[in-house]
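A short write-up of the structure that comes next.
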Amino acid sequence: MLESSFAMSTKPTSEPSPLTLEGFLASVERRAYRTALLSTRKPADALDIVQDAMTQLVQHYREHQSCEWPLLFQRILQHRIMDWHRHETRHKKWFWQTSALLDDDAEDEINQVVDERAENPAEILARASDISCVIKVLENLPLRQRQAFMLRAWEGFDVRETAASMGCSEGSVKTHYFRAVQVLREQLSKNE
Amino acid sequence: MSDKKLSPELSAADEKLALILSETLDKSLDDIDDLSLQRLKNARMQALQPSNKPARSWLPLSIAASLAALLLIPILGLQYMQSTNSELDLDVVASELPFSQEGLAQEAPLSSQEMDDLEMLMALEEIDV
């Protein structure tokens with residue numbers, strides 16, 4: 001599956017062959033940047049995270065088989081994003097600030113209950129095709145839910161691979177993913 | 001993206017929503033500005049630079065230097081100990097040489113000829129005095 005998603009994300013451009021490490025990095029760098037940017041909302045930090053992930057992959061896993069690179073890269077990337085969030089949490093605690101970025105599943109679950117009566121499926125699907133709207137609702141997702149959604153829905157990882165990338169149990173992945181889709185549906189239904 | 005796996009934990013409607021969101025994210029990749037793309041390319045080149053690979057090549061060298069230092073310390077210590085021991089031995093030898101009467105008294109019993117010689121020497125000393 002990873003090989004298929006690897007090949008799927010490779011575009012027939014003048015970029016290097018995906019069989020090489022450079023080709024692999026070229027094929028995933030934009031997706032990695034988008035993932036990091038959704039988490040950090042800061043282009044410079046997102047770029048740093050992607051570069052760190054690339055450097056670590058090159059330094060430690062260059063000799064691994066190319067079919068292992070996607071999972072390894074995602075694991076490194078997600079860990080770097082987690083590190084960034086921890087750093088931000090410490091920084092904001094030090095300066096007595098609170099942030100919506102730091103919710104990290106600590107929010108009241110009652111707020112995540114979806115009132116399906118208010119939903120209009122056609123409107124939701126229409127908004128789901130709006131790039132700025134989608135990015136906005138994804139940015140507002142709790143970190144772990146966003147990770148689960150990005151890995152499961154966008155990267156096409158299965159539950160086991162997502163759990164390995166996120167460093168949690170498969171049950172947690174299922175829970176995070178389910179909640180993420182529920183929250184996304186709710187946010188898209190009331191998005192204006 | 002239609003070949004992505006369907007997740008058993010979602011309903012069909014949620015699955016469709018996830019697929020559309022995924023496609024929208026794919027489209028969002030085209031919205032990344034040229035400057036960011038150029039920076040990404042630079043970041044990739046930076047990561048792939050050969051100088052990055054042996055970035056920690058000094059680690060084995062430092063380990064070797066540490067081991068060498070650990071080996072040198074006992075060797076130097078032993079040399080120092082040997083030199084001090086030899087000096088102590090010389091001191092002991094010097095202190096145990098039978099140049100004094102106490103030293104002579106502690107020696108093995110002398111023969112009668114030697115006793116006679118000693119008595120003569122002592123008698124000569126008394127005469128000199």
Side-chain angles (χ1 to χ4, degrees), chain A residues 1 4-5 8-9 21-22 25-26 29-35 37-38 43-44 46-48 50-59 62 121 124-135 137-138 149-150 152-159 173-175 177-178 180-182 184-185 188, chain B residues 1-70:
Chain A
M1 191 285 301
S4 64
S5 68
M8 183 172 57
S9 59
L21 189 54
E22 184 180 2
L25 293 178
E29 64 187 10
R30 290 190 305 162
R31 297 168 77 88
Y33 178 68
R34 173 59 73 199
T35 302
L37 192 57
L38 282 171
L47 199 66
D48 282 347
V50 173
Q51 182 169 349
D52 281 354
M54 286 177 170
T55 304
Q56 285 192 29
L57 186 78
V58 172
Q59 283 181 352
R62 178 193 284 268
I124 291 174
L125 294 182
R127 285 180 184 137
S129 300
D130 182 352
I131 292 174
S132 60
C133 184
V134 167
I135 286 176
V137 294
L138 280 171
F149 179 81
M150 299 296 280
R152 291 281 284 117
W154 198 32
E155 299 294 342
F157 284 11
D158 61 23
V159 176
V173 169
K174 290 177 183 174
T175 305
Y177 184 43
F178 178 78
V181 176
Q182 297 300 307
L184 286 171
R185 175 179 291 281
L188 288 169
Chain B
M1 293 294 153
S2 58
D3 57 343
K4 282 183 178 174
K5 283 184 181 174
L6 299 180
S7 53
E9 62 265 37
L10 296 184
S11 65
D14 286 342
E15 195 63 47
K16 188 175 179 183
L17 177 64
L19 277 174
I20 292 176
L21 288 170
S22 173
E23 288 170 0
T24 307
L25 280 171
D26 282 336
K27 282 188 282 183
S28 77
L29 296 180
D30 297 330
D31 286 355
I32 298 175
D33 58 291
D34 290 340
L35 182 61
S36 297
L37 289 177
Q38 185 60 41
R39 284 176 176 164
L40 276 173
K41 190 176 178 183
N42 291 341
R44 187 197 339 144
M45 293 300 149
Q46 189 83 17
L48 285 166
Q49 268 182 0
S51 59
N52 275 336
K53 191 182 176 187
R56 296 180 181 176
S57 59
W58 51 269
L59 269 180
L61 192 64
S62 65
I63 291 170
S66 305
L67 286 174
L70 284 173

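In what follows, every heavy atom counts, from backbone to side chain, and hydrogens, waters and symmetry copies are set aside. Just so it is clear: chains get the letters A, B, ... in the order the sequence lines come, proteins before strands, and each one is counted from 1.
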**OP:** May I ask you to test the B:Ser36-A:Leu47 pair for a side-chain heavy-atom distance under 4.5 Å?
**Re:** no
Original post:
Looking at B:Ala47 and A:Met54, what are the two nearest heavy atoms and their distance?
Top reply: CB-CB, 3.6 Å
Original post:
Would you say the side chain of A:Val134 lies within less than 4.5 Å of the side chain of B:Ser28, judging by non-hydrogen atoms?
Top reply: no
Subject >> Leading residue by heavy atom contact count with chain A [cutoff under 4.5 Å; candidates B:Leu25, B:Ile20, B:Ile32] >> reply: B:Leu25
Original post:
Which bit of A:Leu37 is near chain B, if near means a heavy-atom gap under 4.5 Å: side chain, backbone, both or neither?
Top reply: neither
Original post:
Hey, what do you get for CD1 (A:Ile131) to CG (B:Asp31), rounding to the nearest 0.5 Å?
Top reply: 4.0 Å
**OP:** Please round to the nearest 0.5 Å and tell me the distance separating atom CG of A:Asp48 and atom CZ of B:Arg39.
**Re:** 10.5 Å
Original post:
Given side chains that start at C-beta, do those of B:Gln49 and A:Val58 come closer than 4.5 Å, heavy atoms only?
Top reply: no
**OP:** Below 4.5 Å from any heavy atom of chain B, which atoms of A:Val181 appear? Answer side chain, backbone, both or neither.
**Re:** both
Original post:
Minimum heavy-atom separation for B:Arg44 to A:Ala26, with atom names?
Top reply: CZ-CB, 3.6 Å
Subject >> Atom pair CZ (A:Arg30) and CG (B:Asp26), whose distance is rounded to the nearest 0.5 Å >> reply: 9.5 Å
**OP:** Measure the shortest side-chain to side-chain distance between B:Leu37 and A:Glu29 over non-hydrogen atoms and say whether it is less than 4.5 angstrom.
**Re:** no
Subject >> Residues which pass side chain to side chain contact (heavy atoms under 4.5 Å, CB included) with B:Ala13, listed by chain and number, not counting sequence neighbours >> reply: A:Arg185, B:Ser11
Original post:
Does a donor on one side chain sit under 3.5 Å from an acceptor on the other, for A:Gln51 and B:Asn42?
Top reply: no
Original post:
Which atoms of A:Leu138 come close to chain B, meaning under 4.5 Å heavy atom to heavy atom: side chain ones, backbone ones, both, or neither?
Top reply: side chain
Subject >> From CG (A:Asp130) to OG1 (B:Thr24), nearest 0.5 Å >> reply: 8.0 Å
Subject >> For B:Ser22 against A:Ala153, the heavy-atom pair lying closest together >> reply: OG-O, 3.3 Å
Original post:
To the nearest 0.5 Å, what is the distance between CG (B:Asp14) and OH (A:Tyr177)?
Top reply: 8.5 Å
